[in-house]
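As structure tokens, the structure follows; a few thoughts come after it.
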Amino acid sequence: MSNRKRVYLHPLPVRVWHWVNAICFLFLMLSGLQMRYGDVFEIIPFKSALRLHNIFGFTLIANFLLWAIYYHATGKVFSLYIPAKPGEIGKFLKDLVRQSLYYGYGLLIGEKNPHEPKPESKFNPLQKISYHFVMVFMPIQIMTGLMLWNPAYFSRWINLLGGILAVDTIHVFLTIFYLAFIVIHLYFATLGPTFFSHIKAMFLTGYEEEH
Ligand code: HEM
């Protein structure tokens with residue numbers, strides 16, 4: 001048993017949201033790839049991939065609404081997910097540089113993480129920026145997904161955005177953003193005091209250890 005200080009950062013609703021979201025993303029990406037590259041490889045038929053994409057798409061929407069309701073009800077959405085208020089941008093940028101230097105160099109020579117997570121400020125500046133965009137882009141990804149799901153019903157919206165090709169392009173570009181995010185996110189998820197400690201905290205306990 002380690003003697004490190006522990007802090008409760010991930011309440012159960014956030015943990016449930018996170019893992020349902022991660023499973024949805026996995027299946028949405030795999031089924032999306034199958035639909036797009038059906039001429040290159042066919043693990044399941046196009047129709048089954050489409051059905052899977054719709055099931056996990058609607059699950060993701062319901063889960064996103066739960067996230068939005070929970071974070072608005074607890075009043076934490078602005079304090080955690082908005083990188084900096086107008087008067088705090090200077091300090092935020094300084095902290096951002098410090099945090100980047102830590103990941104680029106300090107971590108390798110055993111320095112202490114400059115960010116001390118607390119429930120009301122649990123994200124470091126890099127997490128704040130990336131999680132901000134991950135969640136701000138989510139409604140855009142959902143809306144473009146809905147337009148592709150039922151183009152006739154959403155035809156006015158589609159025309160407003162410049163046609164179905166434009167909508168599809170936004171959907172695919174955001175997918176590429178999410179793919180890049182997930183690769184980087186997985187790497188950072190292993191940078192806790194031990195390889196699995198962040199993942200264990202997010203999955204099982206909710207408690208992060210200081211490091
Ligand atoms: C198997 C895949 C994944 C693993 C292992 C993983 C791991 C983690 C861990 C350990 C944390 C808490 C510590 C930290 O912030 O670094 C976290 C938080 C978070 N992850 Fe993931 N993640 C995965 C997939 C995803 C996906 C697909 C998304 C969104 C597209 C995502 C978005 C987030 C967000 C927004 C948070 C902050 C949640 C909060 O505390 O409000 N993660 N993840």
Side-chain angles (χ1 to χ4, degrees), residues 4 6-33 52-53 56-57 59-83 95-96 99-100 102-103 107 113-145 170-211:
R4 289 193 182 101
R6 280 155 48 97
V7 48
Y8 190 63
L9 291 188
H10 312 301
L12 186 63
V14 173
R15 281 181 275 149
V16 172
W17 165 79
H18 179 269
W19 294 110
V20 172
N21 185 64
I23 291 167
C24 288
F25 260 86
L26 177 72
F27 281 96
L28 282 165
M29 289 201 164
L30 292 177
S31 54
L33 276 175
L52 264 185
H53 207 74
F56 283 100
T59 310
L60 180 121
I61 294 175
N63 197 43
F64 173 75
L65 292 176
L66 288 181
W67 174 89
I69 292 167
Y70 172 81
Y71 265 117
H72 280 88
T74 55
K76 285 187 185 158
V77 72
F78 294 108
S79 61
L80 292 182
Y81 279 87
I82 302 291
D95 290 347
L96 179 66
Q99 193 69 36
S100 309
Y102 166 72
Y103 281 123
L107 175 79
N113 190 330
H115 179 73
E116 249 186 56
K118 298 184 190 74
E120 64 282 4
S121 62
K122 65 174 169 172
F123 300 145
N124 69 45
L126 288 167
Q127 286 172 313
K128 273 197 167 186
I129 294 180
S130 52
Y131 295 159
H132 173 84
F133 285 108
V134 162
M135 299 317 292
V136 164
F137 289 157
M138 204 82 92
I140 305 175
Q141 188 68 334
I142 287 172
M143 281 315 297
T144 50
I170 298 171
H171 201 69
V172 171
F173 269 34
L174 284 180
T175 303
I176 295 166
F177 162 80
Y178 281 115
L179 255 176
F181 163 76
I182 291 167
V183 172
I184 298 166
H185 187 55
L186 285 178
Y187 169 63
F188 277 87
T190 63
L191 295 184
T194 66
F195 190 86
F196 283 113
S197 51
H198 284 330
I199 295 169
K200 199 172 127 205
M202 194 48 162
F203 192 67
L204 278 179
T205 65
Y207 283 92
E208 290 276 5
E209 286 184 6
E210 232 181 25
H211 65 114

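In what follows, every heavy atom counts, from backbone to side chain, and hydrogens, waters and symmetry copies are set aside. It should be emphasised that the depicted structure is a prediction, and the values quoted were computed from it without experimental measurement. In listed order, ligands and their atoms are each counted from 1.
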With rounding to the nearest 0.5 angstrom, report the [atom1] to [atom2] distance, [X] to [Y].
X    : Y    : atom1 : atom2 : answer
L33  : T175 : CG    : OG1   : 9.0 Å
F64  : I142 : CZ    : CD1   : 5.5 Å
M135 : N21  : CE    : CG    : 6.5 Å
F56  : L30  : CZ    : CG    : 10.0 Å

Atom indices of ligand 1 within 4.0 angstrom of [X] heavy atoms, with elements:
X    : result
Y71  : 39 (C), 40 (O), 41 (O)
Q127 : 14 (C), 15 (O), 16 (O)
V14  : 39 (C), 40 (O), 41 (O)
W17  : 35 (C)
H198 : 10 (C)
I199 : 10 (C)
F25  : 27 (C), 30 (C)
F181 : 28 (C), 29 (C), 30 (C), 31 (C), 32 (C)

Could you see which bit of [X] sits under 4.0 Å from ligand 1, with heavy atoms only: side chain, backbone, both or neither?
X    : result
N21  : side chain
L26  : neither
M202 : side chain
F203 : neither
F133 : neither

Look at [atom] and say which protein heavy atom is nearest, naming residue and atom and giving the distance to 0.1 Å.
atom                    : value
atom 15 (O) of ligand 1 : Y131 OH, 2.6 Å
atom 19 (C) of ligand 1 : H18 CD2, 3.3 Å
atom 2 (C) of ligand 1  : L186 CD2, 3.6 Å
atom 8 (C) of ligand 1  : H185 NE2, 3.4 Å
atom 38 (C) of ligand 1 : Y81 OH, 3.4 Å
atom 13 (C) of ligand 1 : E208 OE2, 3.8 Å

Only residue of Y178, F177, F181 satisfying ring-ring contact (aromatic ring centres under 6.0 Å, His included) with F137 is F177

Relative to the ring of Y8, is the ring of Y207 parallel (under 30°), tilted (30 to 60°) or perpendicular (over 60°)?
tilted

Without swapping roles, check the side chain of [X] against the backbone of [Y] for a donor-acceptor pair under 3.5 Å.
X    : Y    : answer
Y131 : F123 : no
H198 : T190 : no
Q141 : L174 : no
W17  : A68  : no
H185 : A180 : no

Could a heavy atom of K122 be found less than 4.0 Å from some atom of ligand 1?
yes

Does any donor atom in the side chain of H115 or Q99 lie under 3.5 Å from an acceptor atom in the other side chain?
no

